[in-house]
Amino acid sequence: MYILGIETSCDETGVAIYDSSFIEKGAPAHLGLVSQTLFSQVEMHQEYGGVVPELASRDHVKQILPLIDLCLKDAELHLSDLNTIAYTQGPGLAGALLVGTSIAKSIAYSLNISAIGIHHLEGHLLSPLLSPNLPAGHIHHLFPFLALLVSGGHTQIMLVKGVGEYELLGETLDDAAGEAFDKTAKLLGLGYPGGPLVSALALKGKPSQIRLPRPLLHSKNLDFSFAGLKTAVLTQVKLSAQLPKSELEQFKADLALDFVNSVVDVLTAKVLQAAKETGCQRLVVAGGVGANQQLRASLNKLAHHPQWPVTTLYPPLNLCTDNGAMIAFAATLQLLKDSSQIDQTLAFNVKPRWTLGN
Ligand code: KG4
Ligand code: ZN
């Protein structure tokens, strides 16, 4: 079965083709990814300091068909070889989601094949299973695992018991981790998206110069809160107006460092707490913030924890941010589990707000 995956929930147009026969044979899952293409709109939105929804939708319209053609060409396939079209149904920007959904349903209708709507976060949380570093054996042996979903719109810890079986253990009460990175970048006068820029600046920071709060670090539940951290950064930025100009750059680097440390400390502590509460000691990290090297270093240290060693699996770096491969792959796993789930209606039922888990 060839599954075409289409992702247009925000500011990346992603298309990929996945060949399900690899999973059916028990081969490493990443081998099934026969082609993938991506167009990032980041440059276009940069001058506005964030994503402009209307511009995002218009650009998806421009990019989507050429990307599908390119993907088919790379895979040496024709449209008629496809068995299913998978598309991101939500959550995301309504107009942007509609572009992918309309194209997916139109192609499926014209080929008389099925179209399947995928939850964007399900795509993210299953994407680490596409890592070439998976232990040998069938991917289903990896379940159950904990998933830390850290993107621009979400911060959640889930217990993944199997494909489609997701238990929400905790989530952010306000800003998402990626959002906090982006807002901090803005306060520090950096560009968009802020995550990689704040992380790079943090590498120049001196430790222990500034101490920001670690929100909800010691709370009993697994929820997060990053809005107060952003306010604490704002307070520091205001205080820095009194500094001589020559000290400003180092101050910003020190602030970036403690901001990153704060986010990383909280995420790491909650992962450890989730491992203790569930007894589950395998973790996958997904979403854009999962590309953060400081976070990876901290989570990797958990492998040496004396009582609760947690092993962590990441998606390949190019699959950390939004992409079509994760959508094609999540659809493949769903289809192999239960093909009666396929949504064959032609209604454009996008779900801009859609909760995963309970
Ligand atoms: O998953 P994603 O591509 O899109 C959403 O679904 O939101 O995540 C984007 C978020 C942005 O907030 C971006 O600043 C953040 O991921 N991000 C990072 C890094 N790379 C991207 N945050 C921290 N460190 C990074 N290296
Ligand atoms: Zn995403």
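Keep in mind that this is a model prediction, so the values were computed, not measured. For ligands, and for the atoms within them, numbers begin at 1 and follow the listed sequence.
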Hphob cluster co-occupancy, Leu168 + Leu126, side-chain heavy atoms under 4.5 angstrom: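 They do share one cluster, since a chain of ILVMFWY contacts under 4.5 Å joins Leu168 to Leu126.
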Quick check: does any side chain N or O of [X] sit under 3.5 Å from a backbone N or O of [Y], one acting as donor and the other as acceptor?
X: Gln294; Y: Ser199; result: yes
X: Glu7; Y: Asp322; result: no
X: Asp19; Y: Phe22; result: no

Set of residues that line ligand 1, where lining means a heavy atom lies under 4.0 Å from it: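 For ligand 1, the contacting residues are His120, His124, Ser151, Gly152, Gly153, Gly178, Phe181, Asp182, Pro193, Gly194, Gly195, Pro196, Ser199, Gly287, Gly288, Val289, Ala291, Asn292, Thr321, Asp322.
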Derivation of the side chain to side chain donor-acceptor pair (under 3.5 Å) call for Ser298 and Thr268: CA-CA 7 Å; Ser298 172; Thr268 308; 2.7 Å; yes
Basic-acidic side-chain contact under 4.0 Å: Arg214, Asp258: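 Looking at Arg214 and Asp258, the cut-off is met.
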Minimum-distance atom from the Zn ion (ligand 2) among N, O or S atoms of Asp322: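 This turns out to be OD1.
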His120: its N/O/S atom lying closest to the Zn ion (ligand 2) (atom name):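 The closest N, O or S atom of His120 to the Zn ion (ligand 2) is NE2.
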Distance (rounded to the nearest 0.5 Å) between Met44 CE and Asp59 CG: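 It comes to 4.5 Å.
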Plane angle bin for His124 and His120 - parallel if under 30°, tilted between 30 and 60°, otherwise perpendicular: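 His120 vs His124 ring planes: perpendicular.
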Contact flag Cys10/the Zn ion (ligand 2), N/O/S atoms, threshold under 2.8 Å: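 Given the 2.8 Å cut-off, Cys10 does not count as a ligand of the Zn ion (ligand 2).
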His154 near the Zn ion (ligand 2): N/O/S under 2.8 Å: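 Under 2.8 Å: His154 has no N, O or S contact with the Zn ion (ligand 2).
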